[in-house]
Amino acid sequence: MSRTLTVHLPSATQLVRGALAVLVVLAVIGGGALVGSRLTTAGEARSFAQSGRLQEVRLADGSVIVGFLDDDAGGYLRLSGAAEVRAGTGSQAGATIVQVIGTDPVDATGDMLISNGQVVAIMNVAAGSGLETAYRQATGQIPAPTAGPTQAPPTAT
């Protein structure tokens with residue numbers, strides 16, 4: 001008694017189709033993992049600012065804002081404790097002026113959102129720097145410097 005076994009092998013076309021299907025499935029899984037990781041991890045700016053230090057944000061219009069970068073999702077940077085930085089003029093020439101956004105004349109409340117398209121640069125402010133000191137004085141974290149005693153003008157005799 002003789003037994004025969006017949007095995008049907010797939011054709012070359014069927015093998016190529018199967019291999020392509022496996023590659024497509026792997027590409028979809030890999031792409032999904034990449035998108036998922038981008039959605040669940042901190043953005044570049046946020047991970048840069050994780051030190052907890054004060055950040056300086058330079059904008060396309062030349063203005064400078066300082067604050068604490070809390071988030072950078074949805075096309076915006078979210079800054080808490082935002083303040084505008086500008087150079088002093090007149091009697092304050094050469095000084096760095098820090099104006100907290102939540103005070104007069106702006107009187108805004110809450111965090112500040114800045115469109116990512118407006119951001120030119122983000123930097124961590126050095127601890128103990130003049131800018132950090134000016135920010136801390138403007139926010140009331142440390143006392144502002146007081147003016148020294150002035151001399152009376154000389155009297156004519």
Side-chain angles (χ1 to χ4, degrees), residues 10 12-150:
T13 340
Q14 290 173 325
L15 285 174
V16 169
R17 283 184 187 159
L20 285 176
V22 168
L23 287 175
V24 166
V25 168
L26 290 175
V28 168
I29 291 171
L34 179 64
V35 169
S37 70
R38 289 282 185 166
L39 293 174
T40 59
T41 59
E44 289 290 324
R46 179 66 188 120
S47 40
F48 174 74
Q50 282 185 350
S51 64
R53 294 191 319 218
L54 186 65
Q55 282 75 47
E56 175 181 329
V57 180
R58 294 186 179 262
L59 303 179
D61 67 359
S63 58
V64 176
I65 306 292
V66 293
F68 297 96
L69 193 126
D70 293 329
D71 198 5
D72 67 339
Y76 290 92
L77 295 181
R78 179 184 295 270
L79 286 178
S80 62
E84 180 182 13
V85 179
R86 61 185 188 282
T89 58
S91 64
Q92 296 178 326
T96 299
I97 308 298
V98 177
Q99 174 77 42
V100 177
I101 303 296
T103 61
D104 189 41
V106 180
D107 289 333
T109 61
D111 295 345
M112 175 184 230
L113 293 177
I114 302 171
S115 170
N116 286 349
Q118 295 299 311
V119 176
V120 174
I122 301 171
M123 297 167 274
N124 286 318
V125 175
S129 68
L131 180 55
E132 184 202 34
T133 300
Y135 177 83
R136 292 180 67 204
Q137 289 170 342
T139 58
Q141 296 174 26
I142 60 173
T146 57
T150 57

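The structure displayed is predicted, hence computed values, not measured ones.
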Does Arg78 form a salt bridge (Lys or Arg N to Asp or Glu O under 4.0 Å) with Asp70? I'd like the steps, not just the answer. CA-CA 5 Å; Arg78 179 184 295 270; Asp70 293 329; over 6 Å; no
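- The minimum heavy-atom distance between Thr139 and Arg136, with the atom names listed, is OG1-O, 3.3 Å.
- Closest non-hydrogen pair, Ala83 versus Val98, comes out as CB-CG1, 3.6 Å.
- Asp71 contributes atom CG, which lies 10.5 Å from atom CG of Leu79 (distance to the nearest 0.5 angstrom).
- In this structure, Ile122 and Leu77 have side chains that are in contact, with non-hydrogen atoms separated by less than 4.5 Å.
- When side chains are defined from C-beta on, Leu54 counts as touching Phe68, because their heavy atoms get closer than 4.5 Å.
- Listed for the Glu132 side chain is no donor-acceptor partner under 3.5 Å among the backbone atoms of Gly130.
- Between Asn124 and Gln55 the shortest heavy-atom distance is OD1-NE2, 2.8 Å.
- Across every non-hydrogen atom of Ile65 and Ala82, the tightest pair is CG2-CB, 4.1 Å.
- Side chains of Leu59 and Val57 form a contact here, defined as non-hydrogen atoms less than 4.5 Å apart.
- In plain terms, the two heavy atoms of Glu56 and Val64 that are nearest each other are CG-CG1, 3.5 Å.
- Distance OH/Tyr76 to CE/Met112: 12.5 Å, rounded to 0.5 Å.
- The side chain to side chain donor-acceptor pair (under 3.5 Å) check on Ser63 picks up Asp61, with sequence neighbours excluded.
- Across all non-hydrogen atoms, the minimal contact from Gly128 to Thr133 is O-OG1, 4.1 Å.
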